[in-house]
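Working notes, beginning with the structure itself.
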Amino acid sequence: MSILRDGHWVQRLLLVMLALLASAHVTAAGVPVNPVLIVETGMHRSTFKIAVDHEERFFVSASGDKTIRVWDLPSGELKKVIRPPIGESNEGQLYDVALSPDGKLIAAGGRTAYQWDGESVVYLFDRESGEMVARTPGLPNIVRKLSWSPDGKFLAVALPKNHGLKVFDTEAWGEVFSDDTFTSNLPWVEFDAAGRMVAVASNGRLRLYDTDFSVLAEDTVEIDAAPSSARFSPDGSLIAIGFQQKTTVEVRSGTDLTFAYR
């Protein structure tokens, strides 16, 4: 009662309330701080992607349910659940995950940070602690596919809607290469054991890059369907291409993309 009767204290109280309202407004424009309640089932609740470390000691998975999970191999025991920043609607949904060759860093991307940054990013987490340790510079669209180079020095990011691909240096997380000349979505990018890179676009365009990211070869698939993935053979001599809504696999040369068989 004495505080309310004292005009000085009332004035201070009003100032504090105004400051809190102002800070709440600033927070609302940035990363949300209010907790989001989600039922934890011990497993993913929607489609997920996985990645395994080079020595196959553990694997990680990321999902549209906005979680990353770290699993032990070969037991399959769930070791950790990592929760990246999330927001309203689709913000925080993860469309791909990649594990550094030494198994220390997890890269995850999807609809990440667009709600508050106006750009997407790739989040980097320490696998053991689960803490976010870095993030890439802003990207013009959502992340569809991630791939680490075999030496762990580069991370390639495939983007939709004509934005092509970008490659980041994993020391400073600066962009070292970009190819925005693709004219359709880019659902897949991958390195081989030698450090070369292949990218495939949904309009059927294939592009093979050397270890310095110069274009070695370019071609278009023969199957009349949208490619969804491309994988090097272990020795890098062949590339297998998968398609949406097709059971056929088209195989190309890993040196010049010439057709081999399907």
Side-chain angles (χ1 to χ4, degrees), residues 26-34 36 38 44-51 60-69 82-100 105-127 130-149 154-191 197 199-203 207 213 226 228-229:
V26 172
T27 301
V31 181
V33 296
N34 294 331
V36 179
I38 298 176
H44 287 299
R45 295 178 290 107
S46 65
T47 304
F48 60 92
K49 299 289 184 68
I50 69 170
V60 296
S61 55
S63 169
D65 65 13
K66 307 182 182 182
T67 67
I68 301 166
R69 295 170 189 266
I82 301 173
R83 302 185 185 278
I86 65 175
E88 299 174 358
S89 187
N90 296 328
E91 177 60 49
Q93 289 184 349
L94 302 173
Y95 298 149
D96 200 29
V97 64
L99 192 55
S100 60
L105 280 181
I106 300 169
R111 295 185 180 272
T112 41
Y114 197 89
Q115 180 181 326
W116 45 83
D117 283 356
E119 299 176 303
S120 293
V121 301
V122 177
Y123 294 137
L124 285 305
F125 297 91
D126 178 81
R127 177 196 52 80
E131 294 183 2
M132 187 187 298
V133 295
R135 49 179 253 171
T136 64
L139 298 163
N141 211 312
I142 61 176
V143 175
R144 280 298 181 190
K145 179 64 182 172
L146 298 164
S147 181
W148 288 89
S149 64
F154 302 106
L155 179 71
V157 183
L159 303 166
K161 295 185 179 179
N162 309 337
H163 292 299
L165 71 90
K166 294 184 181 295
V167 179
F168 294 95
D169 165 27
T170 59
E171 286 291 330
W173 296 107
E175 182 181 310
V176 295
F177 175 74
S178 178
D179 187 345
D180 59 1
T181 62
F182 289 91
T183 57
S184 67
N185 291 339
L186 198 70
W188 202 273
V189 61
E190 178 170 299
F191 288 95
M197 187 172 63
V200 57
S202 57
N203 65 356
R207 202 164 287 166
F213 307 118
S228 59
S229 58

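Counting from 1, the numbers follow the sequence of the chain as shown.
- When side chains are defined from C-beta on, Pro84 counts as touching Leu94, because their heavy atoms get closer than 4.5 Å.
- In this structure a side-chain-to-backbone donor-acceptor pair under 3.5 Å is present from Glu91 to Ala113.
- Minimum interatomic distance between Pro187 and Ser228 (heavy atoms only, all atoms of both residues): CB-O, 4.1 Å.
- One distance of note links CZ of Phe182 with CG of Asn162; it measures 11.0 Å at 0.5 Å rounding.
- A side-chain contact (heavy atoms from CB on, under 4.5 Å) with Asp126 holds for exactly one of Ile82, Val133, Ile106; it is Val133.
- Residues Ala199 and Leu186 share a closest heavy-atom pair of CB-CD1, 4.1 Å.
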Inset, instruction - In sequence, state the C-alpha distance, the side-chain angles, and the governing distance for Val143 and Tyr123, and then conclude on side chain to side chain contact (heavy atoms under 4.5 Å, CB included). - result: CA-CA 11 Å; Val143 175; Tyr123 294 137; over 6 Å; no
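- Put simply, CG on Leu99 and CG on Leu105 are 8.5 Å apart, with the number rounded to the nearest 0.5 Å.
- Two residues are said to be in side-chain contact when any heavy atoms from C-beta on lie closer than 4.5 Å; Ser61 and Val97 fail this criterion.
- Looking at Ser63, its side chain does come within 3.5 Å of a backbone N or O of Thr47 through a donor-acceptor pair.
- Taking CH2 of Trp148 as the reference point, atom OG of Ser100 lies at 5.0 Å (rounded to 0.5 Å).
- Using a 4.5 Å heavy-atom threshold, the side chains of Lys161 and Asn185 count as touching.
- Here the CD1-CZ distance, from Ile68 to Arg83, works out to 11.0 Å after rounding to the nearest 0.5 Å.
- Crowding of Tyr114 atom OH: a count of heavy atoms from other residues, nucleotides or ligands under 6.0 Å not exceeding 12.
- A heavy-atom distance below 4.5 Å is not found between the side chains of Trp173 and Val122.
- Between the side chain of Asp96 and the backbone N or O of Leu146, at least one donor-acceptor pair lies under 3.5 Å.
- Remark: of the listed residues Arg111, Lys49, Lys145, Arg111 is the sole one forming a side-chain hydrogen bond (donor to acceptor under 3.5 Å, both in side chains) with Tyr95.
- The side-chain heavy atoms of Thr136 and Val121, taken from C-beta on, include a pair separated by under 4.5 Å.
- Between Ser147 and Met197, every side-chain heavy-atom pair lies at or beyond the 4.5 Å cut-off.
- Nearest heavy-atom pair, Lys166 versus Pro140, reported as atom, atom and distance to 0.1 Å: CE-CD, 3.9 Å.
- With hydrogens and angles disregarded, no donor-acceptor distance shorter than 3.5 Å links the side chain of Asp117 to the backbone of Glu119.
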Inset, instruction - Just do the side-chain hydrogen bond (donor to acceptor under 3.5 Å, both in side chains) check on Arg207 and Thr181 with the steps written out, would you? - result: CA-CA 11 Å; Arg207 202 164 287 166; Thr181 62; 2.7 Å; yes
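- With rounding to the nearest 0.5 Å, the separation of CD1 in Ile50 from CZ in Arg69 is 14.5 Å.
- Nearest heavy atom pair, residue Arg144 against residue Pro160, reads CG-CD, 4.1 Å.
- Atom-to-atom distance recorded for Thr170:OG1 and Leu124:CG is 8.5 Å, nearest 0.5 angstrom.
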Inset, instruction - Test side-chain hydrogen bond (donor to acceptor under 3.5 Å, both in side chains) on Ser178 and Asp180 and set out the steps. - result: CA-CA 6 Å; Ser178 178; Asp180 59 1; 5.3 Å; no
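- Looking at residues two or more places apart in sequence or on another chain, you find a ring pair (Phe, Tyr, Trp, His ring centres under 6.0 Å) between Phe154 and Phe213.
- Remark: the backbone N or O of Glu88 is paired with a side-chain donor or acceptor of Gln115 at under 3.5 angstrom.
- Closest approach of Ala98 and Ala51 over heavy atoms only: CA-CB, 3.9 Å.
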